[in-house]
Structures are given as C-alpha cells and as structure tokens.
Enquirer: 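Let me give you the structure first, and then I'll get to my questions.
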Protein chains: 2
Amino acid sequence: MNKNVTALPKTALPKTSLPKTARGAATRARIVDAATALVRARGAANTTIDAVIEASKASKSQVYHYFADKDELVLAVIQRQAECVLGTHEGLLRKLNSLAGLRRWRDAVVELTEQTNCAGGCPLGSLAAELSETPRTRAALAESFARWAGYFEAAFARMQARAGKTPAGDLRALSEAMLASLQGGLLLAQTLRSTRPLELALDMAIEHVAARLKL
Amino acid sequence: MNKNVTALPKTALPKTSLPKTARGAATRARIVDAATALVRARGAANTTIDAVIEASKASKSQVYHYFADKDELVLAVIQRQAECVLGTHEGLLRKLNSLAGLRRWRDAVVELTEQTNCAGGCPLGSLAAELSETPRTRAALAESFARWAGYFEAAFARMQARAGKTPAGDLRALSEAMLASLQGGLLLAQTLRSTRPLELALDMAIEHVAARLKL
DNA sequence: CGAATATTGGACTGTTTAGTCCAGTTACTT
DNA sequence: AAGTAACTGGACTAAACAGTCCAATATTCG
C-alpha cells in the first residue's frame, strides 16, 4: 500500500466525491461504521476492503466512489473513532469540577475497561500505535489527542476555579501527564489482561493533579 | 493468517527444528534480526516473508525450515525485541539506587527518544499494541512487561535500602505505575512528535516514587 | 570413506488483495 | 417526461502473499 517511490501528497486533487444525496450519505456512513468496527477488532493492516464490503452490505464501486483508496478509508475511520471516544470523554468530563468528580471519571474508565475484559485497549491509542508513522494519519491522531487533553485542561481549570484558586500552574502539562497515564495504563491493562496497572496509573495521575492544584 | 475454524494449539507438535549446527544458528539469527528490523519499521502485519527473505539474504526454504509459519517468526521477533529492550533497560537500571539515579535514567530515555525524532515509539509497546489480542504473542509480551517492571521494583528496593528505610509500600504497584507512565509518554511522544509528554509523564512518576518511598 | 542428517535454492501453487471498469439503476431538476 | 447527475452491482485484473515441495549441496560422525 502506497509503496510508490514518488508518493504524491494525497490532497492534491480530491477525485472522490462526498455524498450528494441522503442515500449516498447513508451508504458512506454504513461503510465507515463497518470499517471502524473491523479496524477496532483486527487493526487497519488486517482489515481488507472486501471484509468491509461484506460487513456493510455495500459493493466495491460504492467504496471506491466515496474513498480514493484504502488509506482514505482508514483516515475516515480515525475521524469516526475519534468522534466516538472524544464524545464519550467529553460527556464524562464536561461538568467535572472537583477531585471527587475526577475520581468518578477514573472509576468509569476502569469500569468500561473491565466490561471488555481489558481487550482491545484504547480505540484511539491502538490506532495511534499503528498509524503514527504516516503523515496524514499521524496528524489526525495528534489533533485528536490534543483535543482530548483540552477536555482535561478545561476540567482542571474548573476544579481550580471552584476551589477559589487563581488560575496558576501549567494545566496543559498536567493534562498531558494525565493522558499519558491513561494511555499507558490502558496498554498495560490490555497486554496483562488486568485493570490493575490502569488503576495505579490513574490514581498516581490524580494525586499529581491534586498536588499541583493544591486541592 | 490462521483463519482456520479449528485453530489447534501451536505447541502441539514442534514440526520445526531448532538449528543443529553453527551455520544453521547463524542463518536463523540473520532471519530473526532482519524480521525484527522490518517489524519495527512497518509493524508485523505489514511485514512480508518475502521482504524478510530479501533483507536477510535467506531463501524461502530456510525461513520455513526454522519457523512453522509467519506467526512463529513473529513470536521470535517479540522475544528478540524484548531481549534488546530489556537488556538496555536492565543495564540502565541495574546499579540504580537513588532518586538522582532515577532522574538520570529519565534523561537517558528522553535522550534516546529525541535521537529518533520520537519516531517508532517503544519497540515493545508498539508490538504490544499490535499483538495483544492473540494468546501466544500476548503472553510473551505480558511476560516481558512483567520482567521490565521487575527491574524497576528491584531499583526501588535498592533506593529504599540505601536510605535506610525498612522495605515498605507496594513496590510492585509503584513499578507498574512507572511502566505505564513510560509507555503512555512514549506513545504520545510518537504521535505528537515531541518528547514533552514523555518528560511530563516520567517526572510525574518519579515524584510519585519519591513520595511513596519518602525520599 | 560413506551413510545419515542438516541445510539450502528457488520454482510453483492457490488464495487473497487493492484497485479498475462499465453497464445498469435510481433520483433530482426543469 | 426527459435529460442529467448520482449511485450501484459485480466481473475482472495484476500483483502480492503465505506456504509447499523437491532436488541439490553441505556437514557430521561412525
């Protein structure tokens, strides 16, 4: 895939149309949804277009009508998965403004991980590990992580405000450390099939936040 | 690959011989070394046997003489990479017995990451993200992580002993949190192409260790 | 030496894969 | 209704792929 010696930038000329009717939009969505589930289960490299076609009940011409090639589809999968993960965490973090709230978020994450027997790891983290060496996928994933960190940052700011502290300390740094703990904890949980490393990593990060925010 | 409905356990009958002469051992080593480099660069799923053959200057019959199938070769790659990574970190951690030493280890890791422009992430972490959903590869990776945590644990024990403290606290938990920070920091560093999240995660973990060990 | 065993070269097979192509159908517009 | 554009079905191609096979060459050892 994309082993050309002269790999041109993909965005040059679009060549692939966005859906222009509701029916087309539904087809495209079915394809992306099926691809997202398959990539989640087997990774991008192990997901074939034919499998996506079968799972989405689409035809080959439909896939190539909306996506120039497999790389484009994978990019759409990243965006779809990011929407989903960031949506979940934005919901969990949106109104958070206390250490107790942060601990409830921790419990929710652990619970979610337990429910899948620690399998699969973080949907976004797994994509990041596989797709961080190609520019466009890397950029999409980097942006997603940045937005994720932004949700933490906003929550920490609310925590600080609520405690009557003047906004101080590097909240961005704090949120990056939190995200790193989460990702590392989820990866170890996946490999060791235990939520323990995840719990330990998150508890450490929460303590760190409390200390830095003087809460 | 291995899509049989009746997937038998692989260890049943070996069918593949270990090298019995020095020449054979050298061939096998060449194959594993080449495969390890390719898997590191492109992931296991994107590494073909043919590419391994070309890179190692071996022939197809040589590969299948020493490995029953691609899965077996990937397993050998995991073991090889684990040897390498654990060897490096064991060397760095072996004589460590102080907070200052831990900070030097941190600097070495950051330095190493910088030298590759944050590309590739952790060689073992990347394998873990890709290969934690198949039993044998997952088991090999879990064991490697456990050994890695063991090196931290031993270092923390020395730190505690040197400070004249009685061995207290859950050193295992501390080392798992440290490993999680390292893995999460390396993943974010890889995706964001910046050592900053790695530095933040490691500094947080070191502070945590200091606090728990009362150093 | 000479038999037995280990190793090697590489052609070959059957399957899977990404991607192409075009004829046919559906929906929108006027 | 007719013309245009969007969408769809699926056969087809060329390349890549994992894995097989066997004849040939080395190496070991009694």
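All values derive from a computational prediction rather than experimental measurement. Chain letters run A, B, ... following the sequence lines, proteins first, then strands; residues in each count from 1.
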Enquirer: State, yes or no, whether a side-chain contact exists between Leu192(B) and Pro197(B) at a heavy-atom distance under 4.5 Å.
Expert: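 Counting from C-beta outward, Leu192(B) and Pro197(B) do come under 4.5 Å.
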Enquirer: Can you confirm whether Glu111(A) sits close enough to Gln115(A) that some side-chain heavy atom of one is under 4.5 Å from a side-chain heavy atom of the other?
Expert: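 A side-chain contact exists here, since the closest heavy-atom pair is under 4.5 Å.
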Enquirer: So, OP1 or OP2 of dT8(D): does either fall under 4.0 Å of a side-chain N or O from Thr27(A)?
Expert: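 The answer is yes; a side-chain N or O of Thr27(A) sits under 4.0 Å from OP1 or OP2.
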Enquirer: Please state how far atom OH in Tyr64(A) lies from atom P in dT8(D), giving the value in whole angstrom units.
Expert: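 Between P of dT8(D) and OH of Tyr64(A): 17 Å.
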Enquirer: May I ask you to test the Val109(B)-His89(B) pair for a side-chain heavy-atom distance under 4.5 Å?
Expert: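 They are in contact (side-chain heavy atoms under 4.5 Å apart), so the answer is yes.
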Enquirer: Measure centre to centre between the rings of Tyr151(A) and Trp105(A), then say whether the value is under 6.0 Å.
Expert: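 Not close enough - the centres of the two rings lie 6.0 Å or further apart.
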Enquirer: Could you give the CD-to-P distance, from Glu72(A) to dG19(C), as a whole number of Å?
Expert: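 For the pair Glu72(A) CD and dG19(C) P, the rounded distance is 10 Å.
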Enquirer: Nearest-Å distance, NE2 (His65(B)) to C1' (dT8(C))?
Expert: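 Distance, rounded to whole Å: 9 Å.
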Enquirer: Could one point to a donor on the side chain of Lys60(A) or the base of dG19(C) with an acceptor on the other under 3.5 Å away?
Expert: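 Counting by modelled atom types and ignoring angles, a donor-acceptor contact under 3.5 Å is found here.
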Enquirer: Can you work out whether Lys57(B) or Thr21(A) has the more 5'-proximal nearest nucleotide on DNA chain C?
Expert: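 Mapping each residue to its closest nucleotide by heavy atoms, the 5'-most match is Lys57(B).
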Enquirer: Quickly work out the Tyr66(A) OH to dG19(C) C1' distance and round it to whole Å.
Expert: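 Those two atoms, OH and C1', are 18 Å apart.
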Enquirer: How many whole angstroms separate atom CD1 of Ile53(B) from atom P of dG9(C)?
Expert: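 Distance, rounded to whole Å: 11 Å.
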Enquirer: Please determine if a side-chain N or O atom of Gln62(A) lies less than 4.0 Å away from the OP1 or OP2 oxygen of dT8(D).
Expert: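 Answer yes for this pair, as a side-chain N or O of Gln62(A) is under 4.0 Å from OP1 or OP2.
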